[in-house]
Amino acid sequence: SRLQEQLFDVFLYLGSEWILELLVILSIISVAITAERLFHFLSHRDDYATLQKELDEHLCAGNVDKARDLLQSGHSYVASICLAGLNVMERGPGAVEEMMTGATKVARLKLERGLAFLGTLGNNAPFIGLFGTVLGIMRAFKDLAENTTEGSAAVMSGIAEALVATAVGLLVALPAVAIFNTFQRSIRRRLVLCDAVGHIVLSHAKSTKTDS
């Protein structure tokens, strides 16, 4: 059909080179996101064991101000989430729990920023490379049809070049998937720590409410 011929001509005109350029651009973006996320994760961490121990000691001793100072000096989302709960301690345990739940959701959004791109790239880069390979094979057979004297050598050379797109797609996808999974595990660990340390604040709020 006419439409099929037009699409064929467009694909032949485009070739597979632009697919390789696209994959290179996507890989550069993924490296930039990885570097930014790595810096963000490293700059938002604390000694969680020490934080948990000192926070529990301050609250058990009734030193809410010292506990607040401890959390304000922290750099992690664990500290900021617990601080959000501690700041509404006088409103009761229900308010403490709601504030920490809301702060945890905000922290998750900040931690996961940019990771959707890595996950999408990891899942789809092989298909992008495969599309480039298909375009390259189409051009190889077109060249064979126009120059039959070189025979299969022209086809083999064209297919070999086209397969580079699939290889590059896999090369881009594999690190993206590995990095995405690593960051997701780190986020889950941090959120579990938020929950664990947050329960110290919540339990103190409940005990204070009971005493009063």
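No experiment lies behind these values; they were computed from the predicted model shown. Reckoned from all heavy atoms, side chains included, excluding hydrogens, waters and symmetry mates.
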Measure the spacing between [atom1] of [X] and [atom2] of [Y] and express it to the nearest 0.5 Å.
X    : Y    : atom1 : atom2 : answer
F180 : I33  : CZ    : CD1   : 11.5 Å
T182 : I187 : OG1   : CD1   : 11.0 Å
L118 : I179 : CG    : CD1   : 6.5 Å
L23  : L121 : CG    : CG    : 8.0 Å
E54  : N63  : CD    : CG    : 12.0 Å
C82  : L70  : SG    : CG    : 9.5 Å

Are [X] and [Y] side-chain neighbours, meaning at least one heavy-atom pair lies under 4.5 Å?
X    : Y    : result
V64  : H204 : yes
M89  : V201 : yes
R190 : R45  : yes
H44  : K110 : no
F117 : L26  : yes
L71  : L51  : yes
L55  : V197 : yes

How close do [X] and [Y] get, counting heavy atoms only, and between which atoms?
X    : Y    : value
P126 : A173 : CD-CB, 3.5 Å
K206 : P93  : CG-CB, 3.5 Å
A95  : R91  : CB-CB, 3.5 Å
L38  : F183 : N-CZ, 4.0 Å
A103 : A84  : CB-CB, 4.1 Å

Margin query: Exactly one of I128, L22, L20 should register a side-chain contact (heavy atoms from CB on, under 4.5 Å) with V168. Which one does?
Written below: L20
Check: With respect to M100, which candidate in D195, L86, I81 satisfies the side-chain contact (heavy atoms from CB on, under 4.5 Å) definition?
Finding: I81
Note to self: Tell me if the NE2 atom of H199 is crowded by more than 12 foreign heavy atoms within 6.0 Å.
What the structure shows: no
Check: Can you tell me if CZ on R108 sees more than 12 non-hydrogen neighbours from other groups inside 6.0 Å?
Finding: no
Margin query: Could you check whether K66 pairs with E57 (Lys NZ or Arg NE/NH1/NH2 to Asp/Glu carboxylate O, under 4.0 Å)?
Written below: no
Is a side-chain donor or acceptor of [X] paired with a backbone partner of [Y] at a separation under 3.5 angstrom?
X    : Y    : value
R37  : L111 : yes
N87  : L83  : yes
T166 : T133 : no
S30  : S27  : yes

[X]-[Y] co-clustered via ILVMFWY side chain contacts under 4.5 Å:
X    : Y    : answer
F39  : I28  : no
Y77  : F41  : yes
L202 : V88  : yes
I19  : I29  : yes
V172 : V134 : yes

